[in-house]
Amino acid sequence: MEKGTINMDGKIYVLRRYENNMIRVFDEDDNVLEIEVLPLLKKINDLRFLNIPIKHSSGTAKNTQVFGREVIKGLNSLQVK
């Protein structure tokens, strides 16, 4: 399982990507948040200047699983630096 953490809008969000590629969002107490994941991923991408394109090079939109994997990797690369 891959995961990334971000403090945004005064809240801590934990993004988890499971082996079946599903992306779930949790709060700091490990409670699942019933929110739409893709809009949150887009907001994180914008706020942290990850510059991850929301479309494939072919022009088709990335699904939540693909975009989520890239956002998690982007968040983790920011924390490593």
Engineer: Can you sort out the partners of Glu28 under side chain to side chain donor-acceptor pair (under 3.5 Å), two or more places apart, ordered by chain and number?
Structural biologist: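 With sequence neighbours excluded, Glu28 shows a side chain to side chain donor-acceptor pair (under 3.5 Å) to no residue whatsoever.
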Engineer: Are any of the side-chain heavy atoms of Arg16 and Ile72 separated by less than 4.5 Å?
Structural biologist: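 No; the side chains remain at least 4.5 Å from each other.
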Engineer: Would you mind reporting whether Ile23 and Leu38 have side-chain heavy atoms less than 4.5 Å apart?
Structural biologist: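 No, side chains not in contact.
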Engineer: How many angstroms lie between CD1 in Ile44 and CZ in Phe67, if you round to the nearest 0.5 Å?
Structural biologist: 9.0 Å
Engineer: Going hydrophobic residue to hydrophobic residue with side-chain gaps under 4.5 angstrom, can you get from Ile12 over to Leu47?
Structural biologist: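 No.
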Engineer: State which residues pass side chain to side chain donor-acceptor pair (under 3.5 Å) with Ser58; sequence neighbours excluded, sorted by chain then number.
Structural biologist: Thr60
Engineer: Would Val32 and Met1 show up in the same hydrophobic cluster when neighbours are defined by side-chain heavy atoms closer than 4.5 Å?
Structural biologist: yes
Engineer: Can you list the residues that meet the side chain to side chain donor-acceptor pair (under 3.5 Å) rule with Asn21, with sequence neighbours excluded?
Structural biologist: Arg17
Engineer: So is Arg24 actually on top of Tyr18's ring, under 6.0 Å and inside 45° of the axis?
Structural biologist: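 Ring-cation test returns no.
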Engineer: Check the hydrophobic clustering (I, L, V, M, F, W, Y; side-chain heavy atoms under 4.5 Å; chains of links allowed) and say if Val66 and Ile54 are grouped together.
Structural biologist: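 No.
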Engineer: Go through the steps to decide whether Asn76 and Lys3 satisfy the test side-chain contact (heavy atoms from CB on, under 4.5 Å), and finish with yes or no.
Structural biologist: CA-CA 8 Å; Asn76 289 333; Lys3 75 176 191 175; over 6 Å; no
Engineer: Roughly how far, to the nearest 0.5 Å, is the CG atom of Leu15 from the CG atom of Leu40?
Structural biologist: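 Separation between the atoms: 6.0 Å.
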Engineer: Cluster question for you: counting only ILVMFWY and a side-chain heavy-atom cut-off of under 4.5 Å, with indirect links fine, are Leu41 and Ile52 together?
Structural biologist: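 Hydrophobic grouping puts Leu41 with Ile52.
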Engineer: State yes or no: do Met8 and Leu50 share one hydrophobic cluster built from I, L, V, M, F, W and Y residues joined by side-chain heavy-atom distances below 4.5 Å, directly or via other members?
Structural biologist: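 Shared cluster, yes.
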Engineer: Restricting to pairs with a member in residues 34-53, which pass side chain to side chain donor-acceptor pair (under 3.5 Å), not counting sequence neighbours?
Structural biologist: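 As it turns out, the side chain to side chain donor-acceptor pair (under 3.5 Å) pairs with a partner in residues 34-53, which skip direct neighbours, are Asp9-Lys43.
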Engineer: As a quick check of understanding, evaluate side-chain contact (heavy atoms from CB on, under 4.5 Å) for Thr5 and Leu75, giving each step before the final call.
Structural biologist: CA-CA 7 Å; Thr5 304; Leu75 282 175; over 6 Å; no
Engineer: Can you list the residues that meet the side chain to side chain donor-acceptor pair (under 3.5 Å) rule with Asn31, with sequence neighbours excluded?
Structural biologist: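 For Asn31, the residues satisfying side chain to side chain donor-acceptor pair (under 3.5 Å) (neighbours in sequence not counted) are Asp27.
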Engineer: Keeping to residues at least two apart or across chains, list the salt bridge (charged side-chain N to carboxylate O under 4.0 Å, His left out) pairs with something in residues 56-75.
Structural biologist: Lys62-Glu70
Engineer: As a quick check of understanding, evaluate side-chain contact (heavy atoms from CB on, under 4.5 Å) for Tyr13 and Leu33, giving each step before the final call.
Structural biologist: CA-CA 9 Å; Tyr13 295 93; Leu33 299 177; 3.7 Å; yes
